[in-house]
Enquirer: 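Take this structure first; my questions come after.
Note that the coordinates shown come from a computational prediction; the quantities given were computed from them, not determined experimentally. Numbered from 1 within each chain, the chains take letters A, B, ... in sequence-line order.
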Amino acid sequence: MRTSQYLLGTLRETPADAEIISHQLMLRAGMISKLASGLYTWLPTGLRVLRKVEQIIREEMNQSGAMEVMMPVVQPAELWQESERWQQYGPELLRIKDRHQREFCLGPTHEEVITDLIRQQVHSYKQLPANFYQIQTKFRDEIRPRFGVMRSREFIMKDAYSFHIDEASLQQTYQTMFDTYCRIFDRIGVDYRPVDADTGSIGGSTSHEFHVLASSGEDDIAFSDQSNYAANIEMAEAIAPAKTAASNLSDLQLVDTPNQHSIEEVAQLLKQSEDQILKTLIVETDPEHSPDASLIALVLRGDHTLNEIKAEKLAAVKSPLTFASDSQIQAAIECKPGSIGPIKLPFKVIADRSAVNCHNFVCGANQDGKHLINANWERDAQYDDVADLRNVKEGDPSPDGQGKLQIKRGIEVGHIFQLGNKYSEAMSATVLNDKGKSVPMPMGCYGIGVTRIVAAVIEQNYDDKGILWPISIAPFQVAIVGINLHKSEIAKQCAEKLYEQLKALQIDVLLDDRKERPGVKFADMELIGVPYRIVVGEKSLADGNVEFRARNEADNQLIAESEIIGLIQNKLQ
RNA sequence: CGGGGCGUAGCGCAGUUUGGUAGCGCACCACACUGGGGGUGUGGUGGUCACAGGUUCAAAUCCUGUCGUCCCGACCA
């Protein structure tokens, strides 16, 4: 490709509404252009990168025995009604009607469509296991699209769905996909971690996420400093502290804490550390499990934060987690939030593992503007159950017993699930087993955010000049920058010759043949992140040399014109 | 959905307080000089000032409404 015939589209200034570095650089490098909130056009440079990511994924999926298919973006409502997700999915599912007033949606995912396909196509256990994938556009009407293609409404996903005769087969394919994902991210050349994960609204049991570690990530990942334990903070278990015996129970005191509602405020006023204060949160109960009471209390140590996923998983707690309103609380215990404690509450109390280990603690007195000092469990306060309710903190012991937890931000670029029979049962996707009996097929599903990977790689690979692509997905592998080609016939001939030679070798080469000053060309090639640069100018050509520089190096190397092609070939191997 | 900010040329912004008919930098076009790190000069192109009402002799500017967009929160594969 020649820059003189190519839409480079680079910007010198950073568009004002781009927050994170990958979004800024993708706009500046002319990779994407915004059409509307959460909708982006991929420009030539961006599309080149995207296609390379897709190709790596495709090759590795094929290698693992998966079959590529392509399903429609528009899906009929009937299928979603069959799986009951038409009701369960919120406004994130974009619903549309056709001219006959029939209902459809834009697919945010394709479990229903693939399950429908497979129940038509597969009838015998002999056809199993089978794994199908596609690289396809998805649409999710995100509440708040942000960070460019990192969280857009329309995006490209590689999604795969496997079908099995039994759980053992599912687990085997799940492991194969786990390994395949590792190979994919290794080949792309990104720093990632597989982590234990929650299954969320997709459902199912076992699940792993693949995260690219970057400070702009939207998830917190907890991992051990001494083992390979890693989990999304939603899932990371806060293990129970060793029981400390209560010695010297002090006398309970009631103190005034007017207008002090937060743990921080109370801690300051009473000169107590936050871990000596208990916080009591009142949430609604699940009516099926607790028909007798509408509220339930969750008690945590003041320095800990509630893990809503863990709380929602408790049978007694309503899902989605719903905090009690001030008026609900006032009606039940005659005080406002900020002064609540686990003291003779008229409903059940679930205490966090760490909270039950506190002695002589501070807690609300269930009277507005008053707290208790030196409260103790049993003597003064009561709980009905103990559970793991909190988010782990940096420095907590690792749940696998090895080392301490560190917490870093991660960008979720892959997610694999064992779905079990959720969809195959709901949609009657069955096969005959070797006994001639009709059984539902356990399923797995495996997603990779293709467009998101592009942004995630940039988050890990940039400097003050622009992007530093790994060679695997760079839009161009080599840039030839000609110096004063309009004046120097010898430089022009050399640049053209090298360009033709590299092209003939199937190397992605960009010849910068614009009539621009060298500084402009260097800046553009660095901004779009071409890994290798050859500078062809009369000056070095006088000694038969061209200049070579890798994007991540600071200095040029003089290379004999006759050797540069060989050098490039070597580097690209 | 709640809170906040912003909509003026392709991009970044000033002008709005105090109403007088639109400007700067970059980009773009032409020419000249320049020619190894976003160069200089001269001359240009490009704007229903988000939209709709209203006030006024006069509205980018004041008032009302609408839309878009971004940030924080809630929410979420």
Enquirer: Quote, to the nearest angstrom, the P distance that separates B/G19 from B/G65.
Expert: 22 Å

Enquirer: How does protein reach along nucleotides 67-73 of chain B, written 5' to 3' as B (base within reach of a heavy atom under 4.0 Å), S (only sugar-phosphate), or - (no contact)?
Expert: --SSSB-

Enquirer: Return yes if some donor-acceptor pair links the side-chain N/O of A/Gln418 with the main-chain N/O of A/Tyr174 below 3.5 Å, else return no.
Expert: no

Enquirer: Just wondering, do A/Tyr462 and A/Ile467 contact through their side chains at under 4.5 Å, heavy atoms?
Expert: no

Enquirer: With heavy atoms under 4.0 Å as the rule, sort A/Val535 into base, sugar-phosphate or nothing.
Expert: base

Enquirer: For A/Leu541 and for A/Glu308, find the nucleotide of RNA chain B with the closest heavy atom, then tell me which residue's nucleotide is more 5'.
Expert: A/Leu541

Enquirer: Within the 4.0 Å heavy-atom criterion, would you say A/Arg514 contacts the bases, only the backbone, or no part of the nucleic acid?
Expert: nothing

Enquirer: Rounded off to whole Å, could you give me the CD-to-P distance for the A/Glu13 and B/A27 pair?
Expert: 9 Å

Enquirer: Looking only at N and O atoms, is any donor in the side chain of A/Glu516 or the base of B/G38 less than 3.5 Å from an acceptor on the other one?
Expert: no

Enquirer: Using atom C1' in both nucleotides, what's the gap between B/C11 and B/U69 to the nearest angstrom?
Expert: 16 Å

Enquirer: So, for A/Pro15 and A/Leu11, which heavy atoms are closest and what is the spacing to 0.1 Å?
Expert: CG-CD1, 3.9 Å

Enquirer: Is there a residue in residues 3-12 of chain A whose heavy atoms reach under 4.0 Å of RNA chain B, and which residues are they?
Expert: A/Arg12

Enquirer: Pick the nucleotide of RNA chain B nearest each of A/Ile411 and A/Gly537; which residue has the one closer to the 5' end?
Expert: A/Gly537

Enquirer: Do you know which two heavy atoms are closest between A/Val546 and A/Cys494, and how far apart they sit?
Expert: CG1-SG, 4.1 Å

Enquirer: Could you check how far CG of A/Asp463 sits from C1' of B/G37, rounded to whole Å?
Expert: 14 Å

Enquirer: Give me the distance, rounded to whole Å, that separates B/C51 from B/G68 when you measure between the P atoms they each carry.
Expert: 15 Å

Enquirer: Salt bridge or not for A/Glu526 and A/Arg533, using N-O below 4.0 Å?
Expert: yes

Enquirer: Scan side-chain atoms only and decide if A/Gln136 and A/His110 contain a donor-acceptor pair under the 3.5 Å cut-off.
Expert: no

Enquirer: Taking donor-acceptor contacts at under 3.5 Å, does the side chain of A/Lys521 reach the base of B/G38?
Expert: no

Enquirer: Assess, by modelled atom type and distance only, whether the side chains of A/Glu234 and A/Asn307 contain a donor and an acceptor separated by less than 3.5 Å.
Expert: no

Enquirer: Would you mind reading off the distance between A/Glu218 atom CD and B/A74 atom P, rounded to a whole angstrom?
Expert: 12 Å

Enquirer: Between B/U34 and B/G44, how far apart are the P atoms? Round to whole Å, please.
Expert: 24 Å

Enquirer: When the distance from CE of A/Met150 to C1' of B/C76 is rounded to whole Å, what number comes out?
Expert: 16 Å

Enquirer: Partner of B/A50 by Watson-Crick or G-U wobble geometry, both contacts under 3.5 Å, or none?
Expert: B/U66

Enquirer: Just compare B/G38, B/C76, B/C11 and give me whichever is closest to any side-chain atom of A/Pro15.
Expert: B/C11

Enquirer: C1' atom, B/G23 versus B/C57: distance in rounded Å?
Expert: 26 Å

Enquirer: Between B/C72 and B/G20, how many Å separate the two P atoms, rounded to a whole number?
Expert: 37 Å

Enquirer: Could you please name the partner base of B/G41, counting Watson-Crick and G-U wobble pairs only when both distances are under 3.5 Å?
Expert: B/C31

Enquirer: Does any nucleotide pair with B/G2 by Watson-Crick or G-U wobble geometry, both distances under 3.5 Å, and what is it?
Expert: B/C72

Enquirer: Over how many whole Å does the gap from A/Met157 atom CE to B/C76 atom C1' extend?
Expert: 13 Å

Enquirer: Heavy atoms under 4.0 Å, any strand shown: does A/Glu234 hit a base, just sugar-phosphate, or nothing?
Expert: nothing

Enquirer: Among the candidates B/C76, B/G38, B/G37, find the nucleotide nearest to the side-chain atoms of A/Glu92.
Expert: B/C76

Enquirer: Just say parallel, tilted or perpendicular for the rings of A/Phe185 and A/Tyr192, cut-offs at 30° and 60°.
Expert: tilted

Enquirer: Determine the Euclidean distance between corresponding C1' atoms of B/G3 and B/U55; express it in Å to zero decimal places.
Expert: 31 Å

Enquirer: Which of the following nucleotides, B/G38, B/U34, B/C76, is nearest to the side chain of A/Val520?
Expert: B/G38

Enquirer: Now, which nucleotide makes the Watson-Crick or G-U wobble pair with B/C26, with each of the two distances under 3.5 Å?
Expert: B/G10

Enquirer: Counting any heavy atom closer than 4.0 Å, what does A/His486 reach on the DNA or RNA strands: base, sugar-phosphate only, or nothing?
Expert: base

Enquirer: For A/Lys138, report the nucleic acid contact type (base, sugar-phosphate, nothing); a contact means any heavy atom under 4.0 Å.
Expert: nothing

Enquirer: Starting at CG of A/Leu35 and ending at C1' of B/G10, how long is that distance when rounded to a whole Å?
Expert: 16 Å

Enquirer: State, with a plain yes or no, whether a side-chain heavy atom of A/Met150 is found less than 4.5 Å away from one of A/Glu19.
Expert: no

Enquirer: Would A/Tyr181 and A/Tyr446 count as a close aromatic pair, with their ring centres under 6.0 Å?
Expert: no

Enquirer: Looking at B/U56, which nucleotide sits across from it as a Watson-Crick or G-U wobble partner, both distances under 3.5 angstrom, or is there none?
Expert: none

Enquirer: Does B/U16 have a Watson-Crick or wobble partner in any strand here, with both distances under 3.5 angstrom, and which is it?
Expert: none

Enquirer: If you only use heavy atoms from C-beta on, which nucleotide in B/G38, B/G35, B/C76 is closest to the side chain of A/Ala523?
Expert: B/G38

Enquirer: Would you kindly give the OH-to-P distance between A/Tyr89 and B/C75, to the nearest whole Å?
Expert: 17 Å

Enquirer: If you look at every heavy atom in A/Tyr532 and A/Phe548, which pair is closest and at what distance?
Expert: CD2-CZ, 3.4 Å

Enquirer: Counting only heavy atoms not in A/Phe178 (residues, nucleotides, ligands), do more than 12 fall under 6.0 Å from its CZ?
Expert: yes

Enquirer: If you measure from the C1' atom in B/A9 to the same atom in B/C29, how many Å do you get, rounded?
Expert: 15 Å

